[in-house]
Each structure stands twice: as C-alpha cells, then as structure tokens.
Colleague: 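Quick one: this structure, given as structure tokens, is what I'll be asking you about.
FYI, the numbering just counts along the sequence from 1. Note: hydrogens, waters and symmetry copies are ignored here, and every other heavy atom, side chains too, is used.
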Amino acid sequence: MKLADKNTELHEIYAQFQSELCRYVVAKVGCSSAEAEDVVQTAFTKIAETGLGAVKNHRAFLYKSCYHIAIDRVRHSKICQRYAEDIVKLNDDLVEELGPERHVESREKMNLIKKAMQRMTSKRRRIIIMSRVDGMSNAEIARQLGLSETGVRRHILKALAGCHDALNADNG
C-alpha cells in the first residue's frame with residue numbers, strides 16, 4: 001500500500017472515530033474537551049506509528065489506546081499535583097525556620113563578614129566583590145585589573161579564608 005493511500009485511510013479513520021473517542025475520554029476519565037482531543041491525537045499518532053496493517057480492529061485499538069493514554073495523563077497530573085503540594089509545604093516549613101531568631105543570626109553573620117572585608121586590602125576586597133557579587137570569572141578579573149589569574153585566585157582564597165575565620169572566631 002502506498003504512503004498516500006495509508007494517509008488517506010488514516011484520515012478516514014480519524015474522521016470516523018475522532019468525535020466519538022473524544023466524548024468517550026471525557027465521560028470515562030472526566031477530563032476537559034481539549035485534553036480529550038490531545039489524548040485522541042496521541043492515540044492516532046500511536047496507530048500511525050504501529051501501522052494500520054498491524055491493527056486488526058482500528059476502533060478497539062483506538063478506544064484502548066485512548067483509555068491508557070488518558071489514565072497515564074491523570075496519574076502524571078496527580079504526581080505533579082503531589083509534587084507541587086510538597087514544594088509548597090517545604091516552602092512553608094522553610095518560612096517557619098526563617099523566623100526572627102534566624103533573621104537576627106543572619107544579620108550578625110553578615111556584620112562579621114562585612115568587618116572581615118573592611119580589614120582586607122582594597123585590592124582584595126575589590127577582587128572578592130568582582131568574583132562573588134558581580135559573578136566575574138578569574139580570567140575577566142585578571143584582564144580588568146592587569147593581574148595574573150593565579151594572583152586573582154590567591155586573593156580570592158585569602159579573602160574567603162578571612163571571612164571564614166571571622167565567622168569561626170565568633171563561634172569559638
């Protein structure tokens with residue numbers, strides 16, 4: 001059978017069963033008309049991929065395919081809904097964790113880092129800000145300041161060590 005003949009046969013089957021299958025999916029699974037149309041089109045894609053000649057009863061194949069596709073979508077939708085609910089719950093828990101005590105603790109840590117940065121040389125402070133705040137790469141910083149990448153890396157490491165020491169000194 002030629003490709004044109006197969007396409008014509010597929011179009012005829014589509015015209016014959018499309019509305020009926022959409023109504024079936026809406027009634028059986030309870031989805032919207034637009035969702036049912038997507039399900040039916042997916043089923044027709046499946047029958048086209050399988051090959052019309054390989055399917056003995058097109059109507060039965062399409063009904064079964066539509067049902068399974070719709071059920072898979074419903075399951076997927078439920079999983080997505082549960083995931084979204086879990087994310088919302090996680091965010092709610094996180095907001096509770098970020099209460100006033102946590103806010104004060106964060107502010108204190110920021111003040112310690114600020115003091116540590118004030119103790120740095122202006123060159124080192126500028127390099128760490130370019131790296132961590134501006135998001136520049138070591139190569140970009142080196143080009144802009146006329147330094148080697150190794151020198152930039154050393155300044156960043158010493159700046160981070162200084163901040164780390166300031167935070168640990170407060171805990172000790």
Side-chain angles (χ1 to χ4, degrees), residues 18 21-46 48-49 62-172:
Q18 189 267 343
L21 289 167
C22 285
R23 286 191 305 275
Y24 167 74
V25 171
V26 168
K28 187 76 171 176
V29 183
C31 59
S32 70
S33 296
E35 290 170 326
E37 287 177 22
D38 287 345
V39 167
V40 171
Q41 285 186 0
T42 303
F44 272 94
T45 301
K46 190 173 176 182
E49 290 170 351
L62 288 166
Y63 265 85
K64 192 169 195 170
S65 294
C66 285
Y67 177 75
H68 289 292
I69 292 165
I71 292 299
D72 286 346
R73 287 184 179 214
V74 166
R75 287 180 184 143
H76 179 74
S77 177
K78 286 180 181 178
I79 289 169
C80 289
Q81 179 65 32
R82 270 185 281 171
Y83 178 75
E85 289 169 358
D86 288 347
I87 294 296
V88 168
K89 185 179 180 323
L90 182 65
N91 285 338
D92 289 345
D93 292 346
L94 185 61
V95 167
E96 288 177 21
E97 284 181 27
L98 297 177
E101 302 85 18
R102 187 77 184 258
H103 182 73
V104 169
E105 180 183 329
S106 296
R107 184 175 290 164
E108 289 171 355
K109 286 182 179 183
M110 285 301 297
N111 284 332
L112 291 170
I113 292 172
K114 182 179 174 185
K115 288 177 186 174
M117 289 184 67
Q118 288 171 344
R119 289 192 295 269
M120 294 176 194
T121 64
S122 61
K123 180 191 243 180
R124 183 166 294 155
R125 182 173 45 253
R126 184 172 179 203
I127 290 171
I128 193 69
I129 289 172
M130 291 170 84
S131 172
R132 295 307 193 259
V133 177
D134 299 335
M136 294 174 68
S137 70
N138 293 355
E140 291 171 322
I141 297 168
R143 271 194 306 276
Q144 189 169 337
L145 299 180
L147 300 170
S148 69
E149 284 188 54
T150 305
V152 169
R153 197 170 326 149
R154 280 192 201 119
H155 277 290
I156 291 171
L157 288 173
K158 287 182 180 180
L160 292 173
C163 292
H164 186 263
D165 291 345
L167 288 172
N168 285 339
D170 185 58
N171 291 335

Colleague: Evaluate the criterion side-chain contact (heavy atoms from CB on, under 4.5 Å) for residue pair His155 and Ile141; output intermediate values, then yes/no.
Modeller: CA-CA 11 Å; His155 277 290; Ile141 297 168; over 6 Å; no

Colleague: Working to the nearest 0.5 angstrom, can you tell me the gap between Ser33 OG and Arg23 CZ?
Modeller: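 Between atom OG of Ser33 and atom CZ of Arg23 there are 10.5 Å.
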
Colleague: Kindly give the heavy-atom pair with the smallest separation between Cys163 and Ala116, and that separation in Å.
Modeller: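 So the two residues come closest at CA-CB, 4.1 Å.
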
Colleague: Assess whether side-chain contact (heavy atoms from CB on, under 4.5 Å) is satisfied between Cys31 and Val25, documenting all intermediate values.
Modeller: CA-CA 7 Å; Cys31 59; Val25 171; 3.4 Å; yes

Colleague: If you look at every heavy atom in Asn168 and His164, which pair is closest and at what distance?
Modeller: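 In terms of heavy atoms, the two residues are closest at ND2-CE1, 2.6 Å.
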
Colleague: What are the two closest non-hydrogen atoms of Glu35 and Arg73, and how far apart are they?
Modeller: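 Of all heavy-atom pairs spanning Glu35 and Arg73, the closest is O-NH1, 4.3 Å.
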
Colleague: Say whether, by atom type as modelled, one donor and one acceptor occur between the side chain of Thr42 and the main chain of Asp38 under 3.5 angstrom.
Modeller: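 Between the backbone of Asp38 and the side chain of Thr42 there is a qualifying donor-acceptor contact (under 3.5 Å).
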
Colleague: Could you go step by step and tell me if Arg154 and Ser148 meet the side-chain contact (heavy atoms from CB on, under 4.5 Å) rule?
Modeller: CA-CA 10 Å; Arg154 280 192 201 119; Ser148 69; 5.8 Å; no

Colleague: Could you list the residues that satisfy salt bridge (charged side-chain N to carboxylate O under 4.0 Å, His left out) with Arg75, not counting sequence neighbours?
Modeller: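 Salt bridge (charged side-chain N to carboxylate O under 4.0 Å, His left out) check on Arg75 returns Asp72.
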
Colleague: Going from CD on Glu105 to CD on Glu108, what distance comes out if it is rounded to the nearest 0.5 angstrom?
Modeller: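 One gets 7.5 Å once the value is rounded to the nearest 0.5 Å.
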
Colleague: What's the shortest heavy-atom distance between Cys66 and Leu21, and which atoms?
Modeller: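 Between these two residues, the closest heavy atoms are SG-CD2, 4.1 Å.
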
Colleague: Which distance, rounded to the nearest 0.5 Å, do you find between the CZ of Arg82 and the NZ of Lys78?
Modeller: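 So the CZ of Arg82 and the NZ of Lys78 are separated by 8.0 Å.
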
Colleague: Is the OH atom of Tyr67 crowded by more than 12 outside heavy atoms at less than 6.0 Å?
Modeller: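 Counting neighbours around OH of Tyr67, 12 or fewer heavy atoms of other residues, nucleotides or ligands fall under 6.0 Å, so no.
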
Colleague: If I take atom CG from residue Leu160 and atom CD1 from residue Ile113, how far apart are they, to the nearest 0.5 angstrom?
Modeller: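 If we round to the nearest 0.5 Å, Leu160:CG and Ile113:CD1 are 10.0 Å apart.
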
Colleague: If you measure from CG on Leu145 to CD1 on Ile127, what distance do you get to the nearest 0.5 Å?
Modeller: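 Result: 5.5 Å between the selected atoms.
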
Colleague: Under the criterion side-chain contact (heavy atoms from CB on, under 4.5 Å), I'd like the reasoning laid out for Arg143 against Met136: C-alpha separation, chi angles, the key distance, then a yes or no.
Modeller: CA-CA 11 Å; Arg143 271 194 306 276; Met136 294 174 68; over 6 Å; no

Colleague: Can you name the nearest heavy-atom pair linking Arg125 to Met120, along with the distance?
Modeller: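 In terms of heavy atoms, the two residues are closest at NH1-O, 3.2 Å.
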
Colleague: Do the non-hydrogen side-chain atoms of Val29 and Val39 ever get within less than 4.5 Å of each other?
Modeller: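 In short, these two side chains do not touch, never coming nearer than 4.5 Å.
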
Colleague: Report the distance from atom CE of Met110 to atom OG of Ser106, rounding to the nearest 0.5 Å.
Modeller: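 If I round to the nearest 0.5 Å, the distance is 9.0 Å.
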
Colleague: Side chains of Lys158 and Ile128: does their closest heavy-atom pair fall under 4.5 Å?
Modeller: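 Contact flag for Lys158/Ile128 side chains = no.
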
Colleague: Could you check if a side-chain atom of Glu140 sits within less than 4.5 angstrom of a side-chain atom of Asp134, using non-hydrogen atoms only?
Modeller: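 A side-chain contact is absent here, since even the closest heavy-atom pair is not under 4.5 Å.
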
Colleague: If we only count heavy atoms from C-beta on, is the Met130 to Val152 side-chain gap below 4.5 Å?
Modeller: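 They are not in side-chain contact.
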
Colleague: Hey, does the side chain of Thr45 reach the backbone of Gln41 with a donor-acceptor pair shorter than 3.5 angstrom?
Modeller: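 It does hold such a pair.
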
